[in-house]
Amino acid sequence: MRNAPAIDAATLSTLLNELRLPAIKVLWPDFAERADKEGWPAARFLSVIAEHELAERDRRRIERHLAEARLPPGKTLESFDFDAVPMVSKAQVMAIAAGDSWLAKGANILLFGPPGGGKSHLAAAIGLALIENGWRVLFMRTTELVQKLQVARRELQLESAIAKLDKFDLLILDDLAYVTKDQAETSVLFELISARYERRSIMITANQPFGEWNRVFPDPAMTLAAVDRLVHHATIFEMNVESYRRRSAMEAKRQRGRPASFATMRNAAEIDAARQSEPNEALAALPRRNCSRIFNRCLT
Ligand code: ADP
Ligand code: MG
């Protein structure tokens, strides 16, 4: 190939541009040289460069899908501590993250729990895994999406705005319960849920389970109808755990504070004195009556 006239390479470049084969355009000279040197059959050369083009195409598609998904950065399944939410099965989450049939039939996932329990992290991490598996995902704060749909409604474009979201296999609506009262007065969220019902999936995170959703929709009948559609085909995770951040902070504090005070304390009176002079959450958490018994046992 190196001996081929320069004009051939230039023509080939143009042809590959027109055929939109950028990976082959970059890779063919080296592969051609290798194929000539090692005496590859022509079919092998062709299939090797075609495979590279395909792999590069997949990589670019996933990159595009990642950019459009607007996921919060750094939230992965690898960095999610499943031990912190024992009620959530890691195996079940992994099956969900693979995609499979639930997305194909437009089923939903609902994540409930108090603030800081890892709902948004888990939702974003599942979203990321799904994108890597070839699905299209959009992550949005619910209030922001409702705002956008309200603008579309004012411009008589609501239907087409909702239809545009159809390209996403999964819509992650973060913090549903934060929809404000004035946002709830229009029914755009209900229309979105109805339009996607049994066709396209929705994942919702919310601090408040259904009981409180009357604030989110214009009237109780609509709340009921929305909940009905959402739960018809749904997996619900109730993540009733203490805030992960708070727990991490307390753990760090405990590890800093504990050894010295344990090593030097002699009796319950000293412990009580320490409790007053240096408020310590680990100490404060211990029931006072049992303190001396627990510490005496520790110290003997
Ligand atoms: P929520 O959406 O339930 O309010 P977040 O997902 O925002 O909670 O979690 C708060 C912070 O704690 C985030 O930085 C998140 O990455 C972290 N976090 C929460 N739960 C876990 C967990 N189980 N493993 C690792 N990090 C967690
Ligand atoms: Mg959150």
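Atoms within each ligand, like the ligands themselves, are counted from 1 in listed order. Heavy-atom basis, side chains included; hydrogens, waters and symmetry copies ignored.
Asn108 places no side-chain N or O within donor-acceptor distance of the main-chain N or O of Ala234, the cut-off being under 3.5 Å. The main-chain N or O of Ala129 is found under 3.5 Å from a side-chain atom of Asn133 such that the two form a donor-acceptor pair. For the pair Lys119 (side chain) and Pro114 (backbone), a donor-acceptor distance under 3.5 Å is present.
When the options Gly74, Ser243, Gly116, Pro114 are ranked by their closest heavy atom to atom 4 (O) of ligand 1, first place goes to Gly116.
In summary, an N, O or S atom of Ser120 is located under 2.8 Å from the Mg ion (ligand 2).
The protein non-hydrogen atom at the shortest distance from atom 24 (N) of ligand 1 is Asp81 N, 2.7 Å. Closest to atom 17 (C) of ligand 1, if we only count protein heavy atoms, is Tyr244 CD2, 3.7 Å.
Ligand 1 has an N or O atom lying under 3.5 Å from an N or O atom of Gly117, backbone or side chain. Backbone and side-chain nitrogen or oxygen atoms of Arg245 are examined, and none is located within less than 3.5 angstrom of a nitrogen or oxygen of ligand 1. Of the polar atoms of Gly118, at least one N or O is found under 3.5 Å from an N or O of ligand 1, judged by distance alone. Residue-to-ligand polar distances keep Ala84 apart from ligand 1: every N/O pair is separated by 3.5 Å or more.
At a heavy-atom distance under 4.0 Å, only side-chain atoms of Lys75, from C-beta outward, approach ligand 1. Residue contacts with ligand 1, taken as heavy atom pairs separated by less than 4.0 Å, involve Ser79 solely via the backbone atoms N, CA, C and O. At a 4.0 Å heavy-atom cut-off, ligand 1 touches Ser120 through backbone and side chain alike.
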- Where do Tyr244 and His121 land on the ring-ring contact (aromatic ring centres under 6.0 Å, His included) test, with the steps shown first? CA-CA 11 Å; Tyr244 189 81; His121 184 140; 7.9 Å; no
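The closest approach between a heavy atom of Gly113 and any atom of ligand 1 is not below 4.0 Å.
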